[in-house]
2 protein chains.
Amino acid sequence: MAPVTSTTEADAAPVKPLRADAQRNYDKLVAAAREVFAERGAEGSLDEIAKRAGVGPGTLYRHFPTRDDLIDALMRDWTERVAADSVAAVEADVSAREMLQRWFADLVRHMTLHRGAAAKLSAAMDDPSSPIYRKCQMLGEANDRVITHLIETHALRDGVESRQVQRLVSGVATIVDQAELDAEQAQPMLNIVIDGILRDSATS
Amino acid sequence: MAPVTSTTEADAAPVKPLRADAQRNYDKLVAAAREVFAERGAEGSLDEIAKRAGVGPGTLYRHFPTRDDLIDALMRDWTERVAADSVAAVEADVSAREMLQRWFADLVRHMTLHRGAAAKLSAAMDDPSSPIYRKCQMLGEANDRVITHLIETHALRDGVESRQVQRLVSGVATIVDQAELDAEQAQPMLNIVIDGILRDSATS
DNA sequence: ACCTGAACACCGTTCAAGT
DNA sequence: ACCTGAACACCGTTCAAGT
C-alpha cells in the first residue's frame, strides 16, 4: 500500500538504448502482453500478442527470445511494489500475527499477477537459468526482510527458514490461482502457516 | 504401504463392456499414456500417445474426449492406494505428529504421480465438471479420515478444517512438482503445516 | 460399433528479403 | 540495426470413408 520511493513508471530500464522504432515496438509488445496475459493467463498466444502490438512475429522473437523474457519485462515495476510492501509490513506497528497476515496476503496478491504467474514464479525459484529468476530473488529478499525481523523479535519458532516459508506461501498462491479462489479464501490456509511458524506464546 | 484389500489390478471397470478390439485399443492407449505422461508430464503429446498405442488419433478421441478423461483412466487404481495409505495412517500406533508426517508424505507422493499431476488435481478440487473431480473427492475422503481421527483424539487445534489442510498440502505437492524438489525437501514445509494444525501441547 | 487417416486450424519458431 | 511475413513443424480436433 504505502507509496514508497519508486522511480518514475515509464522507461529508464538499465538496458542499452534502442532505436526509436525498436523502442516503440518493445513498448507496444509489453503492453499487448499485459493485456493478453491478463485475459488468457501466462499461456496466452504469442501470435495474438504480436498481432495486437501490430508487429510481425519475428519482431516479438527479436526482443523476447522466450516467453519468460516477455513475462520478465512485463514485471519490471513489480519488484518495487513487492519490496515496498515488505518494508511497510516491517515498519507497521502491529502484532507479529497481524504483520504476517498482511504480508502473506500481499505476497499472494503479487504472485497472482495473472493466471499462471504463481506457478511460473514457483518453478523459477529454484532455476537460476530462468529469465524471471531475478524476480524470484527479489521476492525472496522481500520475504527475508519480514521473516528476519520477526526472528529478531523472537516471534518465530526456532528453525524457521525464510526459504521454506516462501515456498509454502508460493504453494498457497499457486492453489489460489489454479482453483480460482479469491483472496479471502486464502486466509484459512495462511493462518495455518502462521500458526506453524509463530512461537506458541503468540497463539490466539 | 499396507497391502489392504484391493480388487485385482486389471480390467473389471464398472463401464459397459467394449467390443474386443475396442477394449484392446483402450488398454493400449492407457498404457501408452502412462508412458508418455511419465516421460513428458501431463502435457505430453496426445498424438504421441496414439502413435505409441498404434492407433489413429480418432480412436483416442473416441475413448477419451478430453485429456483429463485419459488422465482419469490412468488413475483407476490410484484411488485405492490413496485410501489404503490413509487407513494405514489412522491404524498406526504412533504419535499424532508422526501420523501426520507419514500421511502428508504419502499425499505428496500420490499427487506427484507424474509432472503436472499435482497442479491438475489442485485445479480439479473445486471444479465438479472436471473428469478427475471424483479422484479429488476420494483424495478428500482419505484426508478426512486422518484429520477426523486426529480431531477426535483432540490432537488438532480448534477450527482446523480438513478441506483447508488438503488445499495446503496440495500446494506443497504442486511446489514440489514444479520446482522439481525431491521428497525430503518437502519435509520442512510439511512440518510447518503440522505445527500449524497440531495443538500446542503436542509441540516438540 | 468401431477404426483409420486425411484434412483443417492454430500456434510457435525460423529466416531470407527488405528498409 | 531492425522489421516483415512467408514457410515450416508440430499438435489438437473433426469427420467422411471404411470394416
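Here is how names work: the chains are called A, B, and so on, in the same order as the sequence lines, proteins then strands, and each is numbered from 1. Side chains are part of it too, since the values below use all heavy atoms of this structure and drop only hydrogens, waters and symmetry mates.
Per the geometry, CZ belonging to B:Arg40 stands 14 Å off C1' belonging to D:dC11, to the nearest Å. Atom pair B:Asp27:CG and C:dC3:P shows a separation of 12 Å (rounding to whole Å applied). Summarising the geometry, the separation between OH on A:Tyr61 and P on C:dA16 is reported as 18 Å, rounded to the nearest angstrom. Whole-Å rounding puts the B:Asp47 CG to C:dT4 P distance at 14 Å. Taking atom NZ of residue B:Lys51 and atom C1' of nucleotide D:dT13, one finds them 15 Å apart after rounding to whole Å. The distance from atom CZ of A:Phe64 to atom C1' of D:dC3 is 15 Å, rounded to the nearest whole Å. Atom-to-atom, CD of A:Glu48 to P of C:dT13 comes out at 16 Å; the value is rounded to the nearest Å. Taking atom CZ of residue A:Arg62 and atom P of nucleotide C:dT13, one finds them 17 Å apart after rounding to whole Å.
Of the nucleotides present, D:dT13 is the one that pairs with C:dA7 by Watson-Crick or G-U wobble criteria, both distances under 3.5 Å. D:dA1: Watson-Crick or G-U partner is C:dT19, with both key distances under 3.5 Å.
Heavy-atom nearest nucleotides on DNA chain D were determined for B:Gly58 and for A:Gly54, and the one closer to the 5' end corresponds to A:Gly54. Between A:Thr59 and A:Glu43, the residue anchored closer to the 5' end of DNA chain C is A:Glu43, taking for each the nucleotide with the nearest heavy atom.
Candidate nucleotides C:dA1, D:dG12, D:dA1 were compared by shortest atom distance to the side chain of A:Arg19, and D:dA1 ranks first. Distances from the side chain of B:Asp21 to the nucleotides C:dC2, C:dG12, D:dA6 place C:dC2 closest. Candidate nucleotides D:dC3, C:dC2, D:dT13 were compared by shortest atom distance to the side chain of B:Ala22, and C:dC2 ranks first. Ranking C:dC3, D:dT14, D:dC3 by closeness to the A:Asn25 side chain, first place goes to D:dC3. Residue B:Ser45 has its side chain nearest to D:dC11 when only D:dC11, C:dG12, C:dC3 are considered.
Between B:Asp68 and B:Thr66, the side chains place no donor N or O within less than 3.5 Å of an acceptor N or O (distance only, hydrogens not considered). Looking only at atom types and distance, the side chain of B:Ser45 has no donor-acceptor partner in the side chain of B:Asp47 under 3.5 Å away.
Not a single donor-acceptor pair under 3.5 Å links the side chain of A:Thr59 to the backbone N or O of A:Val55. For B:Arg157 (side chain) and B:Arg199 (main-chain N/O), no donor-acceptor pair under 3.5 Å exists by modelled atom type.
Salt-bridge annotation for B:Glu141 and B:Arg145: absent, with no side-chain N of the basic residue lying under 4.0 Å from a carboxylate O of the acidic one.
Taking 4.0 angstrom as the limit, B:His63 places none of its side-chain polar atoms (N or O) nearer than this to OP1 or OP2 of C:dC2.
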